[in-house]
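Single-structure report; data block below.
Lettering follows sequence order; numbering is per chain, from 1. What you see is a predicted model; the values in this text were computed from it and never measured. Side-chain atoms are counted along with the backbone in the values below, which use heavy atoms only and exclude waters and symmetry mates.
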2 protein chains.
Amino acid sequence: MSLSCATCPVRDRAACAILDEAERDELAKAGRTRVLKKGETLFSAGMSEAACATLKSGALKITSTDIDGRERILSLVHPAGFVGEMFGPYMRHDVVALGESELCVFSGPAFAEATERYPRLAQALLRRTQEDLYASRELLALTGNASAEQRVAGALLSMARAASDSPCHPAREFDLPLSRGELADMLGLTIETVSRMFTRFEREGAIKRMGKRGIELVDPALLPLS
Amino acid sequence: MSLSCATCPVRDRAACAILDEAERDELAKAGRTRVLKKGETLFSAGMSEAACATLKSGALKITSTDIDGRERILSLVHPAGFVGEMFGPYMRHDVVALGESELCVFSGPAFAEATERYPRLAQALLRRTQEDLYASRELLALTGNASAEQRVAGALLSMARAASDSPCHPAREFDLPLSRGELADMLGLTIETVSRMFTRFEREGAIKRMGKRGIELVDPALLPLS
DNA sequence: CGAACCTTTGATCCATGTCAAGCGTGGTGG
DNA sequence: CCACCACGCTTGACATGGATCAAAGGTTCG
């Protein structure tokens with residue numbers, strides 16, 4: 001199935017946005033759209049065929065599973081984000097939909113070829129990959145030394161920022177994209193500890209829980225930052 | 001000072017290796033060499049001028065310091081590696097020499113311009129940045145759920161691999177590039193815990209300590225991997 | 001209405017942090 | 001050449017934050 005870039009919701013934010021219309025249509029021939037339901041897997045670690053994708057709507061998680069079967073969330077992917085492997089011979093991590101998601105999927109070699117044909121595309125991907133690298137290092141810093149309290153507080157603020165349209169100010173009310181268990185996997189904690197921190201923050205008046213996923217940031221200054 | 005690529009020790013492994021001689025000489029005009037002694041700082045977080053560099057010899061650490069002054073090592077940089085910021089307006093992290101190191105330094109805008117002039121350079125950097133991203137995620141997975149024992153074991157093996165010339169097999173004898181304290185900062189542990197793990201591994205016959213930094217991998221199979 | 005699932009809360013335990021001493025080595029000055 | 005000191009490493013004793021185990025709400029969906 002071919003792609004209809006004209007109606008793409010991330011038409012002017014995704015990596016391919018730097019291409020002009022003709023180039024984009026040409027690239028679109030190499031890709032296909034795919035819709036994932038919550039919990040469905042896009043790529044599995046070890047898959048021997050390289051592939052990559054741009055996320056049009058929804059959200060993904062990139063995870064690895066260690067020997068004892070525990071899952072670790074390495075990164076979240078938001079709309080306009082890019083995931084996958086263009087060069088390597090196999091996929092390094094699992095990529096799973098957090099909610100219903102829509103993507104443009106490309107084979108690795110096809111997309112790698114496109115970066116040769118359209119140099120600006122390579123540069124745009126380079127920028128984006130560097131951003132991913134900084135995000136990964138930020139998570140590393142957060143989960144490195146910080147206490148459970150600081151980790152949960154940091155994650156809350158980071159998600160409030162991601163949920164806000166203005167990139168600087170955090171949203172006051174928003175829905176968590178992750179369950180307690182997923183949050184725990186991302187922060188290297190347990191479900192119980194995450195839950196206790198939510199309770200503590202609410203008791204101290206920093207936040208208010210609205211249903212399972214809803215959060216109202218009552219007083220961000222009360223959150224113990226690292 | 002202009003660069004002499006002809007004698008560069010990483011001439012055929014660094015990002016600029018994909019350029020031909022004329023292109024490389026042209027790029028060299030925009031850069032300058034710099035030598036750092038152990039502990040000297042290359043970039044400081046917050047520096048408002050973007051800059052980047054290729055490491056010719058030695059080793060660097062990329063770190064961030066949290067509010068209570070504790071340092072966290074986010075990544076190590078080995079020869080032929082690339083560090084810094086090409087696009088962003090400021091440096092995100094500190095970069096410090098672990099030992100005497102030699103580099104080619106470029107201003108961010110100058111290098112960004114080079115990626116436009118030489119599309120293959122952008123692609124080479126993209127590959128390299130993706131590798132850095134995977135390394136960062138690997139560290140994230142290692143420090144996420146694993147026990148202190150598993151973290152130290154993982155770090156040992158990873159360094160044995162980095163010290164070996166053949167990329168697959170770990171070196172049997174090598175010197176740690178990091179002090180105990182730096183290892184602790186990288187793994188999110190304390191000096192004491194790292195030291196205890198070394199003692200434990202040696203008692204169990206997995207390794208042998210040779211001086212402060214030297215390690216002999218006696219029986220890697222005894223190391224408790226995650 | 002009931003079942004499955006997620007979340008919260010409580011009680012207990014243990015790995016790792018913290019505090020405090022010793023130890024070895026290398027450098028410096030007398 | 002020795003005495004001393006500074007620094008990084010090791011080792012021990014103890015404290016504690018978060019994991020684990022267990023059970024009781026809440027919510028959602030058939």
Side-chain angles (χ1 to χ4, degrees), chain A residues 37-39 61 66 68-73 98-100 142-156 175-204 206-215 224 226, chain B residues 37-39 61 66 68-73 98-99 142-156 175-204 207-215 224 226:
Chain A
K37 288 200 283 288
K38 177 174 176 169
K61 61 179 176 183
D66 57 24
D68 17 318
R70 194 151 172 203
E71 174 178 300
R72 181 82 217 258
I73 295 186
L98 287 170
E100 169 132 352
L142 181 65
T143 58
N145 298 316
S147 66
E149 203 177 32
Q150 292 170 323
R151 294 186 207 190
V152 176
L156 270 176
D175 279 346
L176 293 171
L178 301 175
S179 70
R180 296 288 184 277
E182 287 166 334
L183 206 47
D185 286 338
M186 179 161 134
L187 297 174
L189 301 170
T190 59
I191 293 181
E192 294 92 324
T193 301
V194 172
S195 181
R196 276 185 252 271
M197 294 306 140
F198 273 74
T199 307
R200 182 184 299 177
F201 293 154
E202 189 166 39
R203 199 174 50 229
E204 292 170 348
I207 66 169
K208 193 147 170 284
R209 280 180 284 194
M210 334 254 304
K212 283 194 183 180
R213 296 289 184 94
I215 293 287
S226 61
Chain B
K37 288 202 284 286
K38 177 173 176 168
K61 61 179 175 181
D66 57 24
D68 16 317
R70 192 150 173 204
E71 174 177 301
R72 180 80 216 258
I73 296 186
L98 287 170
L142 181 65
T143 59
N145 298 316
S147 66
E149 202 176 33
Q150 292 170 323
R151 293 187 209 191
V152 177
L156 272 176
D175 279 346
L176 293 171
L178 302 174
S179 70
R180 296 288 185 276
E182 287 166 334
L183 247 184
D185 286 337
M186 179 160 133
L187 297 174
L189 301 171
T190 58
I191 294 182
E192 294 93 327
T193 302
V194 172
S195 181
R196 278 185 252 270
M197 294 305 141
F198 274 74
T199 308
R200 182 184 299 178
F201 293 154
E202 189 166 40
R203 199 175 52 229
E204 292 171 347
I207 65 168
K208 194 146 170 283
R209 279 180 286 195
M210 336 254 304
K212 285 193 181 181
R213 296 289 186 96
I215 293 290
S226 59

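- Considering only the side chain of A:Leu189, D:dA19 comes nearest among D:dA19, C:dG17, C:dT8.
- Contact detail for B:Gly144 and B:Arg151: the closest heavy-atom pair is O-NH2, 4.4 Å.
- A:Thr143 places a side-chain heavy atom less than 4.5 Å from the side chain of A:Arg72.
- Remark: A:Arg196 is not in phosphate contact with C:dT9, judged by side-chain N or O atoms under 4.0 Å from OP1 or OP2.
- A:Leu189 CG to A:Leu183 CG: the interatomic distance, rounded to the nearest 0.5 Å, is 8.0 Å.
- Separating the CZ atom of B:Arg200 from the C1' atom of D:dG12 is a distance of 15 Å, rounded to the nearest angstrom.
- Using a 4.0 Å heavy-atom cutoff across all strands shown, A:Arg209 reaches sugar-phosphate atoms only and no base atom.
- On a pure distance criterion of 3.5 Å, no polar donor-acceptor pair joins the side chain of A:Glu182 and the base of C:dC6.
- Residue A:Gln150 contributes atom CD, which lies 12 Å from atom P of D:dG17 at whole-angstrom precision.
- Proximity of A:Thr193 to the phosphate of D:dA19: a side-chain N or O atom is located under 4.0 Å from OP1 or OP2.
- Put simply, CD on A:Glu182 and CD on A:Glu71 are 7.0 Å apart, with the number rounded to the nearest 0.5 Å.
- Between B:Leu178 atom CG and D:dG8 atom P the separation is 14 Å, expressed in whole Å.
- Here C:dC6 presents its C1' atom at 14 Å from CG of A:Leu183, a figure rounded to the nearest Å.
- Between B:Glu192 atom CD and C:dA15 atom P the separation is 18 Å, expressed in whole Å.
- Between B:Asp68 and A:Asn145 there is no side-chain heavy-atom pair separated by less than 4.5 Å.
- Contact check, A:Ser179 against C:dC6: no side-chain N or O comes under 4.0 Å of OP1 or OP2.
- Distance B:Arg180 CZ to D:dT10 C1': 9 Å, rounded to the nearest Å.
- A sub-4.0 Å separation between OP1 or OP2 of C:dT9 and a side-chain N or O of A:Thr199 is present.
- Nearer to the 5' terminus of DNA chain D, by closest-nucleotide assignment, is the contact made by A:Glu149 (compared with the other of A:Lys212 and A:Glu149).
- The phosphate of D:dA19 (OP1 or OP2) has a side-chain N or O of A:Thr190 nearer than 4.0 angstrom.
- Between the CE atom of A:Met197 and the C1' atom of D:dG17 there is a distance of 8 Å, rounded to whole Å.
- If you take CG of B:Asp185 and C1' of C:dT16, they are 16 Å apart, rounded to a whole angstrom.
- Within the 4.0 angstrom heavy-atom criterion, no nucleotide atom of any strand lies near B:Gly211.
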